[in-house]
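The structure appears below as structure tokens.
The figures here come from the full heavy-atom set of this structure, side chains too, leaving out hydrogens, waters and symmetry mates.
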Amino acid sequence: MGRDPVRDAYAARALEYQAALGRIDATHPADRSLVASWAAGLTGPVIDAGCGPGHWTKYLSDLGAHAEGVDTVPEFVALAGARFPDVAFSEGTFFSLGVSDGSVAGVLAWYSLIHLDPADVPVVFEEFARCLRPGGHLLVGFFEGAAVETFPHAVAPAYTWPVDELAGHLLAAGFTVREVQSRTDPGQRPHAAIAAQRLQSSVMGRHPGR
């Protein structure tokens, strides 16, 4: 595996990140409500893509989902596995989640795509479409902005996205958009979430693995 500055930055601060943000009670109640509502309609395996320290994967599992966390940072995978031994965690990338075509019911990407080069986002959405069964569901959380542009995130540079532009990439990857939510908390960047569903016919298999 080659050098990845974002992975290295999170690896160096994994314990600090877990202590500060790796608890479900540190998340916004509206986020917990949205994820719970989304998960309630799923029957089958669920991937928490970019699971970090694993608190959202554990939350999904406690809700009754057959959830597995996948992250590119080995330190996060080790920490999550130690904290939540009853939940499955594995190393993987957004470009290769390590599951068979059409094998999962849901993919959660909760603020985990924010550091991706914008040119890679369409490819990642194709990987999500490959993994999801026809009719499977995707939930993406991200920072909303008027343009695709970087901002100085605490760990590594990240991107804001206009809802319509990110939704356009989902449509191109074989999804239909089911719901959009936005909110702005005082003193915080605008947040947004898109719930999408994989169409019966998708673009799975179009991109080479990475």
Side-chain angles (χ1 to χ4, degrees), residues 4-7 10 31 34-35 37-39 41-42 45-52 56 69-72 92-153 155-184 189-210:
D4 180 337
V6 173
R7 183 185 67 228
Y10 274 98
D31 291 345
L34 175 59
V35 171
S37 176
W38 172 80
L42 303 179
V46 180
I47 297 293
D48 181 8
C51 66
W56 282 110
V70 177
D71 204 280
T72 190
T93 74
F94 295 120
F95 306 102
S96 181
L97 291 179
V99 298
S100 301
D101 292 359
S103 62
V104 302
V107 173
L108 177 68
W110 200 245
Y111 292 88
S112 56
L113 306 182
I114 62 172
H115 302 292
L116 278 179
D117 186 311
D120 287 331
V121 168
V123 182
V124 169
F125 284 164
E126 289 187 16
E127 170 65 358
F128 292 169
R130 181 195 68 78
C131 297
L132 285 163
R133 63 182 58 157
H137 294 267
L138 170 66
L139 182 61
V140 181
F142 58 100
F143 292 103
E144 185 179 0
V148 180
E149 57 188 8
T150 58
F151 67 89
H153 184 274
V155 178
Y159 290 86
T160 60
W161 279 86
V163 168
D164 289 347
E165 191 161 350
L166 198 63
H169 288 309
L170 286 166
L171 295 175
F175 290 91
T176 184
V177 172
R178 293 300 188 192
E179 183 181 0
V180 174
Q181 290 193 11
S182 297
R183 77 166 196 274
T184 302
R189 294 181 183 279
H191 299 261
I194 299 176
Q197 186 172 20
R198 180 188 181 276
L199 299 175
Q200 295 297 316
S201 176
S202 84
V203 295
M204 55 187 279
R206 270 177 44 187
H207 71 83
R210 296 194 179 188

Next on the checklist: Looking at R178 and A195, would you say the former's side chain and the latter's main chain have a donor-acceptor pair under 3.5 Å?
Outcome noted: no

Checklist entry - Rounded to the nearest 0.5 Å, how far apart are CD1 of I47 and CG of L138? => result 12.5 Å

Checklist entry - What closest approach, in Å, do V123 and F95 show between heavy atoms, and which atom pair accounts for it? => result CG1-CD2, 4.1 Å

Checklist outcome for this item: CD (E179) and OG (S37) are apart, to the nearest 0.5 Å, by 6.5 Å

Item to check | From CG (D48) to CG (L139), nearest 0.5 Å | outcome: 10.5 Å

Next on the checklist: Before you tell me yes or no, could you show the steps for F94 and D120 under side chain to side chain contact (heavy atoms under 4.5 Å, CB included), namely the whole-Å CA-CA distance, both residues' side-chain angles and the distance that decides it to 0.1 Å?
Outcome noted: CA-CA 10 Å; F94 295 120; D120 287 331; over 6 Å; no

Checklist entry - Taking all atoms of both residues into account, what is the closest heavy-atom pair of A193 and L34, and its distance? => result CB-CD2, 3.6 Å

Next on the checklist: Would D31 and R183 count as a side chain to side chain contact (heavy atoms under 4.5 Å, CB included) here? Give the steps.
Outcome noted: CA-CA 10 Å; D31 291 345; R183 77 166 196 274; 2.6 Å; yes

Checklist outcome for this item: For R133 and A105, the nearest pair of non-hydrogen atoms, with its separation, is NH1-CB, 4.0 Å

Checklist entry - H115 and ring pair (Phe, Tyr, Trp, His ring centres under 6.0 Å): which partner among F142, Y159, Y10? => result Y10

Item to check | Side-chain touch L108/W38, heavy atoms, less than 4.5 angstrom | outcome: yes

Next on the checklist: Under the criterion side chain to side chain contact (heavy atoms under 4.5 Å, CB included), I'd like the reasoning laid out for Y111 against H153: C-alpha separation, chi angles, the key distance, then a yes or no.
Outcome noted: CA-CA 12 Å; Y111 292 88; H153 184 274; over 6 Å; no

Item to check | From L113 atom CG to F143 atom CZ, the distance as rounded to the nearest 0.5 Å | outcome: 12.0 Å

Checklist entry - Hey, what do you get for CG (L166) to OG1 (T160), rounding to the nearest 0.5 Å? => result 11.0 Å

Checklist entry - At their closest point, which heavy atom of E144 faces which heavy atom of A192, and how far apart are they? => result OE1-CB, 3.7 Å

Item to check | Nearest heavy atoms of G106 and L42, plus distance in Å | outcome: CA-CD1, 4.2 Å

Checklist entry - Which atoms form the tightest heavy-atom contact between G50 and D71, and what is the distance? => result C-OD2, 3.2 Å

Item to check | Gap between atom CZ of F175 and atom CD of Q197 - 0.5 Å precision | outcome: 10.0 Å

Next on the checklist: Between I114 and W161, does the side chain to side chain contact (heavy atoms under 4.5 Å, CB included) criterion hold? Intermediate values first, please.
Outcome noted: CA-CA 9 Å; I114 62 172; W161 279 86; over 6 Å; no

Checklist entry - Does the side chain of V70 come within less than 4.5 Å of C51's, by heavy atoms? => result no

